[in-house]
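First up is the structure itself, then whatever we jot down about it.
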Amino acid sequence: MSAAWTPGSASRMPDPTPETTPEAAEVFARVAASRGWVSNLLKSLGHAPEALARFSALGHYGRYGNALSERQRELVIVIVGRSITYAWAHHAPLALDAGVTETELAAIKAGRTPEGLSPADKALCDFVFAYVSFAGIPDPVWAALTAAFSPREVTDIAMLAAYYLAAGSLIIGLGVQVEPPEVLAIERAWQQRPRVGDQVVVDSR
């Protein structure tokens, strides 16, 4: 079984396979090369290969190509996904690996910006909490964000949050199932590999 075709039901949709959806095979292979595997979320989009290709490309940029630190990326993601079991199962461990503490995760899970953050991380968390509330961004939150981050970084924060809002909607709408721990471990190990730019360095030995 390749990394692109992990076993188990991905969602309420029938799982695409190389036999039933051959046109998705190339896209799944690209996703596996980008991320080390194909998650149940992305597998569930395999019935629309072009949509999968475009959605996963934006996710690749958000995870590996934007201007934020690994810790800042995971802070954005766990704030957006804190109420979605699938997202939390994936990203709470990755956040810990990126330097987010258990105490900080507990505060985020409870719906608040953690205490004791750097000014930049506090501004990021306050912004993302406001962003996902759909109630607008208060002027002081915006001022703190733009004082701490460049226009490129602010755009990357907003784009990453938007991607995971979309991902959360898909998870809920399609009933995407959380992978077992041994499969989630593939993602965690992949995330820890060294990178050049947005590409993971693959050991060819």
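In what follows, every heavy atom counts, from backbone to side chain, and hydrogens, waters and symmetry copies are set aside. Remember, it's a predicted structure, so these values are computed and weren't measured experimentally.
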Discussion item. Tell me whether E26 contacts the main-chain N or O of A24 through its side chain, where contact means a donor paired with an acceptor under 3.5 Å.
Written reply: no

Discussion item. Counting C-beta onward and ignoring hydrogens, is there a side-chain heavy-atom pair between E115 and E104 closer than 4.5 Å?
Written reply: no

Item to complete: State, to 0.1 Å, how close R71 and A98 come at their nearest heavy-atom pair, and which atoms those are.
Response: CB-O, 3.4 Å

Item to complete: Output the distance between atom CG (L105) and atom CG (L75), rounded to the nearest 0.5 Å.
Response: 8.5 Å

Worksheet item: Is S56 reaching over with its side chain to a backbone N or O of L52, donor-acceptor style, under 3.5 angstrom?
Response: yes

Worksheet item: Do L68 and L117 share a hydrophobic cluster, counting only Ile, Leu, Val, Met, Phe, Trp and Tyr and linking them when any side-chain heavy atoms are less than 4.5 Å apart?
Response: no

Worksheet, complete the sentence: In terms of heavy-atom contacts, V132 and V80 come closest through CG1-CG2, 3.8 Å

Worksheet item: Can you find a pair of side-chain heavy atoms, one from L145 and one from I137, that are under 4.5 Å apart?
Response: no

Discussion item. With rounding to the nearest 0.5 angstrom, report the OG to OH distance, S39 to Y86.
Written reply: 3.5 Å

Worksheet entry | From L45 atom CG to R54 atom CZ, the distance as rounded to the nearest 0.5 Å | 14.0 Å

Worksheet item: Residues in salt bridge (Lys or Arg N to Asp or Glu O under 4.0 Å) with E187, at least two apart?
Response: R63

Practice prompt. Would you check if the side chain of N66 reaches a backbone N or O of G62 as a donor-acceptor pair within less than 3.5 Å?
Written response: yes

Discussion item. Between K122 and D126, is there a side-chain heavy-atom distance shorter than 4.5 Å?
Written reply: yes

Practice prompt. Decide yes or no for R12 and S44: does some side-chain heavy atom of the first lie under 4.5 Å from some side-chain heavy atom of the second?
Written response: no

Worksheet item: Which pair of heavy atoms, one from A10 and one from D15, lies closest together, and at what distance?
Response: N-OD1, 3.0 Å

Response to the item:
Taken to the nearest 0.5 Å, the spacing of L94 CG from R188 CZ works out to 7.0 Å

Fill in: Nearest atoms (heavy-atom pairs only) where Q177 meets G175
NE2-O, 2.8 Å

Going by atom type alone, with no hydrogens or angles, which donor-acceptor pairs under 3.5 Å involve a side-chain atom of residues 154-168 and a protein atom two or more places apart or on another chain?
| residue | atom | partner | partner atom | Å |
| --- | --- | --- | --- | --- |
| T155 | OG1 | P151 | O | 2.9 |
| D156 | OD1 | Y61 | OH | 2.5 |
| D156 | OD2 | Y61 | OH | 3.3 |
| D156 | OD2 | A67 | N | 2.8 |
| D156 | OD2 | R152 | NE | 2.8 |

Worksheet item: Are the side chains of V178 and L184 in touch, meaning some heavy atoms are under 4.5 Å apart?
Response: yes

Discussion item. For a 4.5 angstrom cut-off between non-hydrogen side-chain atoms, does L42 reach F55?
Written reply: yes

Item to complete: Check whether any side-chain N or O of H91 sits under 3.5 Å from a backbone N or O of R82 as a donor-acceptor pair, and report yes or no.
Response: no

Item to complete: Can you measure from CG (L174) to CG (N40) and round to the nearest 0.5 angstrom?
Response: 11.5 Å

Discussion item. So does S69 get a backbone contact from the side chain of Q72, meaning a donor-acceptor N/O pair under 3.5 Å?
Written reply: yes

Worksheet entry | Heavy-atom pair of closest approach, residues P93 and A89 | CD-O, 3.4 Å

Item to complete: Salt-bridge test for E102 and K109: reply yes if a basic N is under 4.0 Å from a carboxylate O, no otherwise.
Response: no

Fill in: Inter-residue atom distance L41.CG - S11.OG, 0.5 Å rounding
9.0 Å

